[in-house]
Amino acid sequence: MWVFCQAPPTIQQSHFPLRTRPPSRLHSHTRHPTSSTLRPSTTDTNHQIQSLCKKGHLQQAIKALTQEPKPTQHTYELLIFSCTIANSLSDAIKVNHRLIHDGFDQDPFLATKLINMYMELGSIQYVRQVFDGISNRTIYVWNAFFQALTLSGHGMDVFDLICCMNSDGIKPDRFTYTYLLKACVASETSVSLLPKGKEIHAHVLRHGFEPNVHVMTTLVDMYARFGCVLEASYVFSEMPTRNVVSWSAMIACYAKNGRPFDALQLFGEMLLEVDDLTPNSVTMVSVLQGCAALGAIQQGKLLHGYILRRGLDSVLPVIASLVTLYARCGDLEMGRRVFDHMVKRDVVSWNAMISGYGMHGFGKKAIEVYTAMLCNKIAPSPISFVSVLGACSHSGLVDEGRRLFESITKDHSMRPTVEHYACMVDLLGRANRLDEAAKIIQDMRIEPGPKVWGALLGSCRIHGNVELAERASKRLFELEPTNAGNYVLLAEIYAEAQLWDEVQRVKKLLEAQELQKKSGCSWIEVKRKIYSFASVDEFNPHIEQLHAFLIKLSMEMKDQGYRPETKVVMYEVTEEEKERILLGHSEKLAVAFGLINSSRGETIRITKNLRLCEDCHSVTKFVSKFANREILVRDVNRIHHFKDGVCSCGDYW
DNA sequence: CTAGGGTTAG
C-alpha cells in the first residue's frame with residue numbers, strides 16, 4: 001500500500017546562470033540569401049516595417065510594405081508573425097500575395113512560417129495552398145505541414161503524404177515521428193489507427209529514435225489514448241531517459257484508464273526518484289484525478305498541502321481538479337471553499353462547481369451557480385450544459401432542465417450534442433416520463449448514439465418498463481455489441497419482471513460473446529489506506545468477521561421492519577438464498593468494515609464501481625439511523641448522503 | 001517546428 005512520502009524541498013537552487021548559452025538565432029536552417037545577415041545594410045523602409053511589426057502596428061506595417069521595393073526575408077518573417085498575433089486572415093493573405101510577388105514563394109523558411117501562420121489562423125485550405133505551391137520542401141516544411149494537418153483533424157492525410165516525402169528523398173526526423181504518432185490518435189476515423197501507431201513504433205525503434213524523450217513520451221501518450229495501458233507502461237519502463245513530462249504522461253495514462261491506484265503509486269515512485277524530478281502542475285492534475293476516482297480524501301488532503309507548499313495553488317487546472325476532488329470525495333463544503341478562494345475563474349472551474357452540486361443532489365444550487373457564471377460573463381461550454389442538466393436529472397428538476405436545454409439553442413446559439421440529448425432522456429426517463437423521453441429520441445435531428453439509448457435503457461431499469469427496454473436494447477446491441485453493461489441492464493429488467501426465460505436468453509447472449517458482467521466492488525479509505533471489497537470474495541482477510549457482523553445486523557434490522565429487496569437478485573433461487581446473496585454485496589461489506597474500523601461521530605465514506613442496488617440503499621439508510629452515523633456512498637452516478645435513516649437522493653437515483 | 005493536464009458521461 002502506498003503511503004505518502006516526504007515532499008521534496010520546495011526551494012530550488014538557482015545560483016547558476018539560467019542561460020548557459022547565448023540566445024540563438026531563430027532558426028539555423030536555410031535563410032534566404034537576401035537575409036540581413038548577408039546584406040547588413042538594408043533599406044530604411046525595411047527597418048521601419050520591422051519595427052512597426054514589433055510594436056504590433058500591423059496595418060501601418062502593411063502600408064509601409066507597399067512603399068518598399070525590396071522587402072527582405074526578415075521583414076516578411078516579422079510580418080507573418082504580426083498577422084498571427086493580430087489573428088487576421090485577411091491581412092495574412094495580403095502579405096502572402098506580396099511575398100509571392102517579391103519572389104519569395106520558393107523560400108522554404110518563409111513557407112514554414114506561412115504554414116504555421118495559417119494553421120494558427122485556422123485555415124487549413126491556405127496551409128495546403130502554401131504547401132502545394134512550394135517545390136523546395138525541406139524537412140521543416142514537411143513537419144510544419146504534418147503538424148497543421150494533425151492539429152486540424154486531418155491526420156489521415158499525413159499517412160499518404162509520408163510516402164511522397166520518402167520518394168522526395170527526405171527522411172523523417174524526431175519531429176516527424178511525434179506528428180505521425182499524434183496523427184494516429186487525432187484522426188477521426190471509424191477504424192482504430194492503433195495498428196498504424198504500432199507500425200510507427202517499430203519504425204521509431206528501427207531508426208534509432210529510442211533515446212529521444214519527446215518521441216518516446218508521445219508513444220506513451222499514444223498508447224494511453226488508445227487505452228493500451230500495458231503497452232504504455234512497457235514503453236515507459238524501457239525509456240533510457242525520462243523527465244517530468246514522461247512521468248506525467250504515464251501517470252495520466254493510469255488516471256484516465258481506470259487505474260487510479262497505479263497513478264498514485266507511480267507518483268510515489270516519482271517522488272522517490274533521485275534525479276531532480278519535481279512534479280509540476282500538470283503532474284498534480286493527474287494525481288488529483290486519481291485521488292478523486294478513488295475517493296481517497298485523506299490522500300487528497302496531503303496532496304492539497306503539497307500543492308500549497310509548492311505554490312501550485314494558483315494554477316487554474318490544479319484548482320479545478322481540487323474542487324472536483326473534494327466534491328467527488330463527498331466534502332462539498334471544502335470544494336466550495338477552494339472555489340470561493342479563486343481569484344479568477346474560467347468556465348472549467350465553474351463547471352467543476354456545478355457538477356459538484358449536481359452529484360450531491362443539489363440541483364437548485366447547481367442552477368444557481370450556473371446562473372452566477374453567466375452573470376460573471378463567462379460563456380457556457382457544452383460541458384456546462386451537461387453538468388447543469390445532469391444536476392437537474394439527479395434532483396428531478398424536469399421543467400428547469402427543459403428550459404436549460406432550450407436555452408442552448410435560443411440563448412447561446414449552440415447546437416445540442418448527443419450528450420445533451422442523453423441528459424434530457426435521462427432527466428425525463430428518471431422522472432418516469434418514459435414516453436416523453438422516447439419522443440425526444442424520435443425528434444432528434446442528429447443520430448441518437450449509444451449514450452442516448454443507454455440513458456433510455458437505464459430509465460427503463462429504474463421504472464421496470466420491459467417493452468421500451470427491449471426497443472432500446474435492440475438498438476444498443478447493434479451499436480455496441482460488446483458492452484456487457486447493456487445486456488446486464490436488460491437481464492435485470494427481465495429478472496425484476498420475473499421473466500426468467502428471458503433472463504436466461506440474455507445471459508446466453510453475454511456468454512456467447514465471452515463477455516462478463518462487471519462485478520461489484522466497493523472500497524473505503526482508513527488511515528490513508530484503501531480497503532476494497534468484492535461481492536464474491538472469500539479471500540478477503542476480514543470476510544468472516546464482516547459476515548458475522550452483517551448477519552447480526554440484518555436480524556436486528558428485521559426486528560425494526562427491514563425487508564430484504566430480494567427482487568434485485570438476478571438468479572432464480574430461493575428467497576433464503578437471495579437474502580444470503582444480498583448480504584454479500586460489496587457495499588455492505590464496506591459499510592460493516594467502516595463501522596468496525598472508525599470511531600463514533602466519524603463520517604464513513606465509501607466508493608462503489610456500480611450503481612447502488614435497492615437493498616444496499618435501504619440497508620445503509622437503516623444503518624445510518626441505528627448506528628447513528630453519517631455515511632457517504634459514491635456510486636457511479638452520484639453521491640448518497642445517508643443520515644438519520646434518510647438518503648440525500650430521496651430514493652431517486 | 002516536438003512530448004504530458006482541468007470540467008461532463010447512459
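Naming convention: chains lettered A, B, ... in sequence-line order (proteins, then strands); numbering from 1 in each chain.
In this entry the distance linking CG of A/Asn483 with C1' of B/dG10 reads 9 Å, nearest Å. To the nearest angstrom, C1' of B/dG5 lies 15 Å from CG of A/Leu303. Separating the CE atom of A/Met250 from the P atom of B/dG5 is a distance of 13 Å, rounded to the nearest angstrom. For the pair A/Arg638 CZ and B/dA9 C1', the computed distance is 16 Å after rounding to whole Å. Following rounding to the nearest Å, A/Asn143 (CG) and B/dC1 (C1') show an atom-to-atom distance of 7 Å. Separating the CZ atom of A/Arg328 from the C1' atom of B/dT8 is a distance of 11 Å, rounded to the nearest angstrom. Distance A/Met342 CE to B/dG6 P: 15 Å, rounded to the nearest Å. Distance A/Met359 CE to B/dT8 C1': 10 Å, rounded to the nearest Å.
Within the nucleic acid shown, A/Ser281 comes within 4.0 Å of at least one base atom, counting heavy atoms only. Within the 4.0 angstrom heavy-atom criterion, base atoms lie near A/Leu316. Residue contacts shown for A/Pro382 are absent, as no nucleic acid heavy atom lies under 4.0 Å away. If you check every strand for non-hydrogen atoms under 4.0 Å, A/Val315 touches a base. At the heavy-atom level, A/Thr283 lies under 4.0 Å from base atoms of the strands shown. A/Asn486 comes within 4.0 angstrom of a base, heavy atoms only. Within the 4.0 angstrom heavy-atom criterion, no nucleotide atom of any strand lies near A/Arg461.
Side-chain N/O atoms of A/Asp346 and base N/O atoms of B/dG6 include a donor-acceptor pair closer than 3.5 Å. You won't find any donor-acceptor pair under 3.5 Å spanning the side chain of A/Asn637 and the base of B/dG10, going by distance alone. For B/dG4, the base has a donor-acceptor partner in the side chain of A/Ser248 [N/O atoms by modelled type, under 3.5 angstrom]. Counting distance only, with no hydrogens placed and no angle test, the side-chain atoms of A/Asn243 and the base atoms of B/dA3 include a donor-acceptor pair under 3.5 Å.
Distances were taken from every side-chain heavy atom of A/Asn116 (C-beta onward) to each of B/dC1, B/dG6, B/dG5; the shortest belongs to B/dC1. Side-chain atoms of A/Val245 lie closest to B/dA3 of the nucleotides B/dC1, B/dA3, B/dG5. With B/dG4, B/dT7, B/dT2 as the candidates, the nucleotide lying closest to the side chain of A/Lys182 is B/dG4. Side-chain proximity of A/Gln289 to B/dG4, B/dT7, B/dA9: nearest is B/dT7. Closest contact between the side chain of A/Lys256 and the listed nucleotides B/dT2, B/dA3, B/dG6 involves B/dG6. With B/dA9, B/dG4, B/dG6 as the choices, the nucleotide that has an atom nearest any side-chain atom of A/Ala320 turns out to be B/dG6. Out of B/dT8, B/dC1, B/dG5, the shortest distance to the side chain of A/Val282 is found at B/dG5. Here the nucleotide nearest the side chain of A/Ser286, chosen from B/dG5, B/dG6, B/dG4, is B/dG5. Taking every side-chain heavy atom of A/Thr178 into account, B/dT2 is the closest of B/dT2, B/dG5, B/dT8. Among the nucleotides B/dT7, B/dA9, B/dG6, the one closest to any side-chain atom of A/Ser349 is B/dG6.
The pair A/Glu436-A/Arg402 meets the salt-bridge criterion, since a charged nitrogen lies less than 4.0 angstrom from a carboxylate oxygen. The pair A/Arg337-A/Asp331 fails the salt-bridge criterion, with no side-chain N (NZ, NE, NH1 or NH2) lying under 4.0 Å from an Asp/Glu carboxylate O. Residues A/Asp435 and A/Lys439 are not paired through a salt bridge, judged by the lack of any N-O separation under 4.0 Å between the basic side chain and the carboxylate.
Ring planes of A/Phe477 and A/Tyr487: parallel class, angle under 30° (limits at 30 and 60°). Between A/Tyr76 and A/Phe104, the ring planes are perpendicular. Angles over 60° get that label, and only those under 30° would be called parallel.
Checked against the 6.0 Å centroid criterion, the rings of A/Phe339 and A/Trp350 qualify as a close aromatic pair. Taking the six-membered ring for Trp, A/Tyr126 and A/Tyr118 have ring centres closer than 6.0 Å.
Across residues 474-482 of chain A, A/Leu476, A/Glu480 each have a non-hydrogen atom less than 4.0 Å from an atom of DNA chain B (numbered order).
Judged by ring centres under 5.5 Å apart and planes tilted less than 30 degrees, A/Phe175 stacks against the six-membered base ring of B/dC1.
A/Asp426 and A/Ser393 form a side-chain donor-acceptor contact under 3.5 Å, judged by distance and modelled atom types alone.
Surrounding CZ of A/Phe81 are at most 12 heavy atoms belonging to other residues, nucleotides or ligands under 6.0 Å away.
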